[in-house]
Amino acid sequence: MCGIIGIASNKPVSINIINSLKKLEYRGYDSAGLATLTENKINEKKCSGRVDDLEKILFKTPSNGNLGIGHVRWATHGVPNLVNAHPHSSEQVSVVHNGIIENSDEIKKDLESNGLKFKSQTDTEVITILITEALKENKPLESVFKTLQKLKGSFALGIIFKNFSNIIIGARRGSPLAVGYAKEENYIGSDSYALKSMTNKISYLDDGELCVLTKDQVSFYDQGLKKINKKIYTMSDNDAVVDKGEYKHFMLKEIYEQPTTVKNAINEYIDSLKKDINIYNFPIEPNQINKIVLIGCGTAYNSCLTAKYWFEELTSIEIDVDIASEFRYRKLKFNTKNLYVFVSQSGETADTAAALDLCKKNNVKSCSIVNVVESTIARNSDWVLPIHAGTEIGVASTKAFLGQLTVLYILCLKIANLRKDISQNIYEKSIKNLKNLPEAIKKSIDTETKVQLMAKEFIEANGSMFLGRGFSFPIALEGALKLKELSYLHAEGYPAGEMKHGPLALIEEGLPVIVLAPKDKYFEKTLSNMQEVIARGGKILFITDNKKESLNENIRFGLRVPHLDNFLSPILLTIPLQMLAYHVALLKNCDVDKPRNLAKSVTVE
Ligand code: F6R
């Protein structure tokens with residue numbers, strides 16, 4: 001997803017812009033660019049490849065200037081190429097944009113009918129032209145303000161002006177924008193992470209707000225252009241050091257970090273001495289909760305779906321699960337006794353943030369389960385439960401998924417205990433099992449060599465299927481999602497019992513079918529469903545935690561993960577699936593940490 005950066009300083013900024021753009025690479029992008037100001041001239045440099053390529057261009061032809069903006073672009077309007085890369089500059093102004101201008105075609109037609117010319121296919125260029133036109137009669141802030149009033153859609157913007165060489169204007173509607181402060185240097189950036197190496201003092205623009213920065217000060221304005229003050233947050237620096245260490249890819253490192261991820265969440269929330277869970281300040285008294293609605297996108301949605309099974313088994317509360325991009329447009333019956341839980345690694349996902357906004361507008365209580373505590377979703381919700389996974393760089397989410405599952409399960413146990421839906425004995429036993437989880441995850445990771453062999457079964461495949469029932473069904477979905485996003489191989493996740501209602505048609509000789517069969521109440525049923533697949537020639541790759549199950553000759557490949565209790569089996573089954581996706585992607589020479597068409601932080605709708 002696009003990322004923006006802006007720096008106003010007392011020294012040349014291009015190197016720091018490049019370094020910050022490198023921090024934003026994790027979002028996924030296809031082109032990069034920057035613009036600096038020197039002697040009242042806008043110096044624009046862009047390329048259709050990576051930030052490294054942009055750096056090489058700068059090396060050959062340096063860009064001076066103590067003020068500048070930079071961008072990594074993830075194409076929405078117009079193909080990824082040099083012309084469509086940001087910034088988009090006129091002689092007077094240069095603009096970087098994250099988001100989508102929904103009425104850009106309309107505005108463009110109008111401007112073209114007045115004789116104005118466009119160079120690119122992007123929606124962003126209308127902003128450049130509108131500001132340039134407005135500058136003929138207005139000062140920069142008024143010009144930007146007037147332009148914003150004409151735009152529909154979402155944006156975070158960074159703008160510099162040829163004739164006002166000491167200011168950067170930032171604006172936000174929908175897409176996030178952070179502001180950073182340092183000595184004789186101020187910044188805007190798509191997230192705090194991009195600014196982290198330069199400052200830990202951060203403010204966040206809210207929707208409709210603008211900021212004007214010079215190297216010495218930052219002024220903020222609300223949507224009526226009234227001057228306002230903003231709170232300054234001091235960021236924690238516990239995840240400031242982010243590198244691959246001994247690992248070949250961030251994804252592999254993050255898979256291996258999972259025992260620690262889960263341990264961090266356990267340390268944060270479990271009181272071992274009292275055998276209790278430290279979760280307080282519920283926005284609704286747990287006994288009064290009528291329904292819990294779990295909302296997320298992609299992997300986060302899969303963790304919501306897993307949690308639904310936990311809450312249904314362990315509590316008396318009704319549970320709904322929704323994909324944020326659907327939730328935000330549905331005609332819902334909001335209820336002040338419902339708790340709306342938003343799950344998001346980044347805390348910046350546009351659809352999830354919009355679903356949360358909808359809840360706020362309807363005056364219902366929200367909880368967010370996020371990794372990035374400084375994020376928009378965390379700041380906008382009534383109650384935040386961080387997952388403490390540390391920075392996740394691999395675009396495909398791994399450790400954040402396990403962190404989300406752990407925190408959701410802990411929340412579920414606490415609510416079940418407070419409502420007396422489970423006995424004290426089961427509560428304490430579940431806490432004890434949880435404490436053994438990091439060790440069991442390590443053992444699950446130890447299956448890697450076997451998973452590597454399993455991965456070979458996918459080299460010639462044209463597709464694949466992941467089957468599970470009950471707690472394992474959402475994990476089948478997550479396994480399929482990981483495989484398709486990393487290896488670009490078609491993968492379907494299905495409840496095993498649903499196969500006979502249509503999907504069996506897809507089974508053909510040699511199709512790899514992953515069967516998740518933990519020793520739970522669905523075990524025998526899953527085996528029967530597996531027979532239906534075997535009968536049609538499917539190649540079975542079987543994953544279980546059942547020590548007693550001996551693998552028969554119809555199973556091409558079998559793998560065993562540790563067992564703690566049935567509630568924790570989804571967590572332990574996830575790990576071989578993450579590693580499978582990783583190794584299949586390696587065998588297919590795919591870019592594991594930056595898979596195609598995927599963004600780490602999806603800040604557009
Ligand atoms: C999959 C993946 C995406 C994200 C989704 C939501 O590996 O990373 O499906 O899970 O875009 O992102 P967050 O959790 O940041 O809201």
Side-chain angles (χ1 to χ4, degrees), residues 1 3 24 26-28 74 175-176 190-193 249-252 254-255 258 261 294-307 321-328 341-357 366 368-381 384-387 389-405 407-408 466 474-475 477-488 491 493 574-575 577-582 585 590-605:
M1 207 64 15
L24 290 169
Y26 77 92
R27 300 160 78 94
W74 188 77
S175 308
S190 285
D191 59 28
S192 58
Y193 178 60
H249 296 99
F250 278 111
M251 182 182 176
L252 190 63
E254 286 159 6
I255 291 173
Q258 292 180 116
T261 309
L294 299 156
I295 302 142
C297 300
T299 287
Y301 169 73
N302 291 339
S303 61
C304 294
L305 213 48
T306 314
V321 181
D322 218 333
I323 291 176
S325 55
E326 290 296 313
F327 180 92
R328 62 184 289 190
V341 179
F342 294 86
V343 181
S344 173
Q345 187 286 126
S346 62
E348 299 295 352
T349 301
D351 286 318
T352 314
L356 171 60
D357 280 349
S366 56
S368 62
I369 296 185
V370 290
N371 196 23
V372 184
V373 283
E374 299 100 355
S375 61
T376 307
I377 290 172
R379 282 180 287 117
N380 286 349
S381 46
V384 186
L385 299 176
I387 63 168
T391 307
E392 187 179 65
I393 298 290
V395 169
S397 190
T398 51
K399 65 174 180 172
F401 181 61
L402 250 62
Q404 289 160 359
L405 290 182
V407 173
L408 281 161
F466 289 69
I475 305 306
L477 289 181
E478 176 61 8
L481 177 62
K482 283 288 95 85
L483 188 69
K484 62 188 145 197
E485 65 188 346
L486 284 167
S487 71
Y488 321 141
T574 299
I575 291 141
L577 301 187
Q578 296 171 334
M579 287 193 301
L580 178 70
Y582 174 79
C590 300
D591 187 345
V592 177
D593 280 336
K594 295 186 204 107
R596 73 182 183 202
N597 303 338
L598 249 192
K600 184 70 189 155
S601 182
V602 186
T603 50
V604 293
E605 188 177 350

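All ligand and atom numbering here is 1-based and tracks the order in the structure.
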### Query
Which protein residues have a heavy atom closer than 4.0 Å to any atom of ligand 1, listed by chain and number?
C297, G298, T299, A300, S344, Q345, S346, T349, V395, A396, S397, K482, E485, V602

### Query
Would you say the side-chain atoms of N371 pair up with the backbone N or O of G347, donor to acceptor, closer than 3.5 Å?
no

Show me the donor-acceptor pairs, under 3.5 Å and distance only, between side chains in residues 349-356 and residues at least two apart or in other chains.
from, atom 1, to, atom 2, distance (Å)
T349, OG1, S346, OG, 3.4
D351, OD1, R328, NH1, 2.7

### Message
Is any side-chain heavy atom of V372 closer than 4.5 Å to one of D191?
### Response
no

### Which residues share a salt bridge (charged side-chain N to carboxylate O under 4.0 Å, His left out) with R379, sequence neighbours left out
none

### Task
Could you tell me whether the side chains of S397 and E392 share a donor-acceptor contact shorter than 3.5 Å?
yes

#### Entry: Listed partners of S303 passing side chain to side chain donor-acceptor pair (under 3.5 Å), at least two apart
Q404

